[in-house]
Amino acid sequence: MYEGFSTDGNYRDDLISISNVGGIPGGDAFLVVTESKSAIIDAGYSFSAEKMMRNIRGILGERQLDFAILTHSHYDHASGAAYCRPHYGDCRIISSEYAARIFSKPTAIDAMRETNRSAAEFYGWGDYEDRLGDLKTDITVREGDVIDLGGVSLHVLDAPGHTKCCIAFYIPEEKMLIGCETMGCFASKDLVLSSYLVGYQISVDFINRVKTMDIDKLLVPHFGVITGDECRKYIEGALRSAVMLKDFIINDHLSGKSTGEIVEHYKDVYYNGDLRKIWPVRAFYLNAEHLVPMVIKEILG
Ligand SMILES: [Zn+2]
């Protein structure tokens with residue numbers, strides 16, 4: 001659980017500016033602009049993508065968008081990337097190799113199309129053009145690779161835990177970590193939800209790695225940039241949330257609850273307040289029904 005942050009998530013200094021250009025809360029995208037380059041970090045949903053493109057244009061003016069950089073392949077982060085090239089012909093999509101493989105599977109694209117459709121309905125969003133057939137990674141990156149963003153460099157960290165395809169980025173010039181959901185999913189000012197769909201320990205390992213890094217700024221997915229002590233608090237909190245959720249599930253299991261009952265208990269305790277407004281209940285169940293048995297199996301064998 002979290003207290004509110006002291007900032008609105010947008011950030012600017014001499015080297016870099018970062019603005020949330022997402023078309024809708026939950027479908028967030030962060031436009032990073034340096035002296036000579038620009039990129040979005042994540043790209044939101046399909047249905048809100050054209051609104052995101054207008055937000056990007058509003059900031060970039062006549063400048064080009066160079067990259068759409070995806071932290072992972074989930075539909076609420078990746079779908080909008082397919083809408084960049086019609087507006088910015090030279091924009092290149094960057095992801096992990098694993099995410100690139102997912103985008104190349106028609107069944108995965110179909111699933112993204114369907115979850116977008118159901119989320120659009122949830123939000124009461126009108127018609128939109130489906131471009132997911134064009135979603136393809138142009139450049140794959142992995143641990144140790146460096147993306148030159150004109151004056152600042154994004155050093156790639158493999159960060160599996162939320163998904164197998166998760167990556168994060170460290171910008172040494174800024175002591176900034178561009179985080180991913182392996183550190184938890186920012187849900188509202190009062191709640192960061194652990195979301196380790198691949199594994200509990202592998203996620204905790206990544207958060208512990210982050211704890212050892214020299215970080216003064218942190219881009220929190222679905223929120224934006226926090227700085228100074230708030231970064232350290234967030235990272236500590238991410239670790240605490242991860243352990244708490246694991247204990248919650250294991251205690252329920254040991255008290256004799258079925259997986260279905262644990263999922264409902266999890267929903268009662270965690271899926272409330274602002275989260276209900278920004279996260280379709282269907283998506284909550286998809287995550288929870290996967291996460292609960294995974295944790296029981298990993299911890300108890
Ligand atoms: Zn995700």
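Side chains included, hydrogens not; waters and symmetry mates left out as well; all remaining heavy atoms used. No experiment lies behind these values; they were computed from the predicted model shown. Along the sequence shown, residues are numbered consecutively beginning with 1. Order of listing sets the numbers, starting from 1, for every ligand and every atom in it.
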### Task
Validate the cation-pi geometry between Arg101 and Tyr98: distance from NZ or CZ to the six-membered ring centre under 6.0 Å, angle to the ring axis within 45°.
yes
### salt_bridge(Arg113, Asp110) N-O dist < 4.0 Å
yes
### Query
Less than 6.0 Å separating the ring centroids of Phe5 and Phe186?
yes
### Task
Could you check Tyr123, Tyr128, Tyr75 and say which one makes a side chain to side chain donor-acceptor pair (under 3.5 Å) with Tyr45?
Tyr123
Nearest to the Zn ion (ligand 1) - the N/O/S atom of [X], by atom name:
{"X": "His162", "result": "NE2"}
{"X": "His74", "result": "ND1"}
{"X": "His72", "result": "NE2"}
{"X": "Glu181", "result": "OE1"}

